[in-house]
Student: 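Handing you a structure now.
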Amino acid sequence: MKHRGRIARSAALVVAGAFVLASCGGSDDSADGGTTEGTAQVTDNETCGTGTLVWAHEQEPADLHLDDPENGLTITAWIRAGLLEGFYGVSSKTEFVPELLAKEGEMAENADGSVTVNYTLRDGLMWSDGTALTADEVKQTFDMIMAKGADDAYIYLLGDRTGLDTITDITVTSPTQMSVTWSKFFAGWKALFGEVYPMHVFSADPATAAAEVNEALRTWTHNGATLPSSGPLVFGEWNKGVSMTLTCNAGYHGSVSPDAVNRGVAQVDSVQINFVADTDAQINAVKSGEADMIMTQPQLAFEELSSNAEITVASSAGPVYEHWGLNLFNKHLKKPEIREALALAINKADVMAGLYTPLFGDILPATGLGNTYWMSNQGTYVDNQGDAGYGKGDVEAAKAKIESAGYVLGADGFYEHPADGKLTLRVGTTGGNKLRELQQQLLQAKFKEAGIEIVIDNPQGGAYWNEQPFNEDALKCAGSGGKEGNCEVWDIAQFAWVGGPWPGGMSSSYRTGAGSNIYGFANAEFDARSDECDATVDDAARAACYNELDLYVTTLTKDPQNGLFMIPLTQKPSFYAVSNTRLATFGVAPDANSAGPLANVVDFKKN
Amino acid sequence: MLTYVVRRVLTTIPIFFAALFLVHVGVSSTTDPLANSRLCLPRCQAGYDMLVEKYELDKSIWQRPFTWFGHAVRGDFGFSEVLGAPVSKVLLERGGNTAILAVPAFLLSALLAVLLSVYSARKQYSRGDYVLTGFSFLGLAMPTFFFGLFLQVFFGVWFQHWTGLKPFYTSLKRDDSWLHLLQSATLPILTLTIVSVAADSRFGRASMLEVVNSDYIRTARAKGLSERTVIWKHALRNALIPLVTLWALGFAALLGGSVITETVFSWPGLGPAFIAALSKPDLDLVMGISIFAATVAIVFNLVADILYGVLDPRIRLD
């Protein structure tokens with residue numbers, strides 16, 4: 001009964017989410033996203049004012065400057081998602097969607113190999129201080145980020161300039177229109193201008209403004225005044241160690257997110273983020289009515305909330321996905337048959353059922369993850385491993401592969417190789433992650449059936465990565481094609497990546513000789529194809545190209561000898577729980593680095 | 001007495017500095033302030049260099065504490081990156097918040113410990129003594145977070161569900177209302193009290209039993225003094241001596257920040273600040289809280305020594 005109830009709720013939420021998305025393309029403007037009951041209509045709320053939304057969260061940022069090395073927490077980006085908007089936002093499908101733009105940027109390829117994108121901003125964009133947000137301010141933001149100081153070096157701490165540094169021209173043609181030219185195509189172009197800063201409150205000189213912005217972003221104030229917002233919220237007050245308050249932006253120009261139902265201003269007076277470090281205390285805060293919502297990584301302790309009639313668990317696909325990375329120079333793993341046997345024997349559905357499905361229903365595919373470039377909730381996702389027949393717990397096929405490599409089943413139930421000995425492999429990760437350890441145990445049992453001994457070796461503390469995969473000798477082995485260093489330091493590494501709408505960065509971990517290529521994969525064809533993919537202008541063709549690259553990584557299709565050195569396991573759901581006695585409606589919360597629960601804060605309404 | 005105090009303070013100073021020196025070296029050798037910056041090099045080269053200069057990472061970890069000491073003796077404890085404020089300000093604010101919990105919890109637990117000790121000693125092996133002993137063992141055996149979470153669920157969730165009333169908050173309700181402050185502080189104070197009372201009452205009972213069975217108490221009773229006078233005037237005074245040591249250590253620990261209780265109740269005291277500082281690492285704040293905790297421990301141990309003389313005139317500190 002308990003599980004049926006959860007599944008029913010999850011199913012209802014998925015259907016509700018689907019209605020939201022369907023409504024965006026439709027003409028009747030009806031939707032049911034993020035409501036706790038009934039069918040909501042697309043609305044245009046004109047005033048703030050149904051009380052304070054209280055969000056209990058475990059992380060507190062050191063400051064609000066995202067590029068500060070002292071900072072770097074997801075919560076910082078999530079808070080800023082409610083304060084500043086950019087050209088593109090991130091949807092619940094982890095895809096870029098126009099935010100300040102009236103429509104998608106229009107790209108044209110020029111004869112000299114450069115590309116130009118014409119952008120059109122939405123009409124009526126406003127800052128919370130009543131100033132119009134224009135294309136000039138976008139250009140000033142760019143000039144400020146690219147400003148150099150007196151020493152001719154970039155101003156420290158002002159954003160990742162990757163992609164911005166190849167812009168050769170920005171021309172503003174009207175308050176709402178501008179064109180940007182890159183010397184060559186940059187595949188991650190939609191990730192740029194993700195935030196436009198309120199440059200009208202800073203000095204006109206870019207270098208001076210850069211220094212001012214650097215300082216202002218930490219406390220979100222400049223010259224004693226709060227920075228104006230282009231998002232639905234305005235920074236209010238921050239009691240360090242206790243709470244942060246963001247107030248409703250009464251002059252907000254409205255959201256055009258496909259996930260949002262309300263097109264007007266936020267319906268709450270303010271959002272209060274209470275920093276509650278303890279997981280159980282977060283649960284008690286929601287149950288006692290002292291918090292209206294929590295959003296966090298899934299943890300076993302949250303399971304009880306899902307059976308509480310007063311709480312709605314609105315889980316979503318998270319950006320964190322788990323893998324097993326294989327050392328291609330391990331004496332067993334260097335044989336493609338053994339790597340394929342691992343991929344065949346693994347049963348991702350067991351892992352999903354053991355970890356996530358009971359609590360999160362069918363929010364994620366029960367078959368687990370089969371791609372390292374795209375996540376399962378993205379439209380571009382292809383289950384490459386599933387299509388190759390992997391991940392389904394096919395023990396007999398796995399055994400056949402192992403035997404074809406010359407292994408013989410021993411008396412202890414594990415295979416042995418005449419030269420390389422018993423088929424035993426160590427899997428390691430940073431110790432202390434209970435969910436991950438449970439995952440390893442589930443897989444260990446399945447591999448035992450296939451005659452593969454898996455030894456779980458998770459050092460406590462932060463020692464694993466430095467001492468094993470990134471050990472100097474291990475890296476030497478990977479970089480030298482197994483000729484130097486020590487190739488037996490590690491066998492299988494379990495780790496997670498955080499995905500986003502643009503997965504192009506993945507290739508850099510797989511390129512020949514790359515510093516983060518711990519597996520020892522080297523394939524000139526992959527490297528060349530990777531360059532081609534990054535230079536592919538058409539979105540659909542580029543997505544297909546990345547899927548092709550993934551075939552090198554997760555299957556033996558493209559590289560029968562060295563391919564299949566990664567086994568994607570599962571994508572984690574995000575746990576999002578709201579009080580349905582205190583909230584009349586709630587927003588879709590895309591779990592992505594630039595989104596989070598405040599991305600659609602306009603849809604929250606208190607009872 | 002004065003000579004004793006001066007001698008104690010003087011002997012404490014080298015221990016004090018040695019402890020702080022080791023804390024600084026220990027934290028420096030087990031943490032890496034450059035960890036995040038390494039990932040974004042060369043983009044963050046300027047920031048990287050700034051951190052090297054700020055934390056003197058180009059110097060030996062044995063040398064670095066001396067710079068901090070140099071500033072500290074001039075009253076400059078540095079700046080907390082985690083909390084975005086000077087360490088002295090953090091100590092004042094967070095220390096104040098911790099004291100809101102620590103002082104009532106200490107007074108309540110001391111009072112209860114005395115009452116329970118006297119009761120248990122006078123009614124040794126009675127049903128009440130067994131019940132109190134059982135609860136004391138429960139209090140000693142169960143971890144602090146258990147009591148914190150139990151009280152949170154019981155009063156914050158279940159009680160409200162049963163009665164519709166909400167007497168206490170499960171975390172600090174931040175406004176100007178004294179009532180809300182009381183409602184927020186009650187559960188963490190109770191948690192600290194339960195944990196302290198469990199240990200103190202066991203020590204108090206043992207001490208009291210030893211005293212009530214001594215010759216001078218038998219003499220007092222033989223003289224015809226009332227039982228109340230024997231227990232509360234003659235026995236308790238001597239029985240308190242071991243408790244005073246416990247109280248001094250316990251109160252100093254409470255003032256230094258109750259990491260678990262303050263974390264469970266999201267109370268902005270020194271405990272969570274210390275954890276945040278250690279995990280960052282925020283060396284200035286770690287050192288600031290360490291110096292505060294060490295000072296409090298030394299002062300209260302000194303107070304305990306002085307109280308021995310007050311409780312037992314035979315003890316002469318000179």
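Numbers restart at 1 for each chain; the letters A, B, ... are given by sequence-line order, proteins then strands.
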Student: Most heavy-atom pairs under 4.5 angstrom with chain B, which of A/Lys240, A/Lys287, A/Glu310?
Tutor: A/Lys240
Student: To the nearest 0.5 Å, tell me how far B/Tyr169 OH sits from A/Ser288 OG.
Tutor: 10.0 Å
Student: At a 4.5 Å cut-off on heavy atoms, which part of B/Phe168 comes close to chain A: side chain, backbone, both, or neither?
Tutor: backbone
Student: State the CZ-CG distance between B/Phe265 and A/Asn284, to the nearest 0.5 angstrom.
Tutor: 9.0 Å
Student: Do you know the tightest heavy-atom contact between A/Ala277 and B/Ser266?
Tutor: N-OG, 4.3 Å
Student: Is it true that B/Lys166 and A/Glu290 make a salt bridge, defined as a side-chain N closer than 4.0 Å to a carboxylate O?
Tutor: yes
Student: Show the nearest heavy-atom pair for residues A/Ala281 and B/Leu149, with the distance to one decimal.
Tutor: N-CD2, 4.1 Å
Student: Please check if the number of heavy atoms outside B/Trp162 that lie under 6.0 Å from its CH2 is greater than 12.
Tutor: yes
Student: Is it the side chain or the backbone of A/Asn239 that comes within 4.5 Å of chain B heavy atoms, both, or neither?
Tutor: side chain
Student: Testing the basics here: between B/Pro268 and A/Gly241, what is the closest heavy-atom pair and its distance to 0.1 Å?
Tutor: CB-O, 4.2 Å
Student: Take a 6.0 Å sphere around CZ of B/Phe69 and say whether it holds more than 12 heavy atoms from other residues, nucleotides or ligands.
Tutor: yes
Student: Quick check for you: to the nearest 0.5 Å, what is the distance between B/Thr263 atom OG1 and A/Glu58 atom CD?
Tutor: 13.0 Å
Student: Counting only heavy atoms not in A/Glu472 (residues, nucleotides, ligands), do more than 12 fall under 6.0 Å from its CD?
Tutor: no
Student: Would you say NE2 of B/His161 has more than 12 non-hydrogen atoms from neighbouring residues, nucleotides or ligands within 6.0 angstrom?
Tutor: no
Student: Could you state the interatomic distance from CG (A/Asp278) to OG1 (B/Thr170), rounded to the nearest 0.5 Å?
Tutor: 10.5 Å
Student: What part of B/Val153 gets closer than 4.5 Å to chain A, counting heavy atoms only: side chain, backbone, both or neither?
Tutor: both
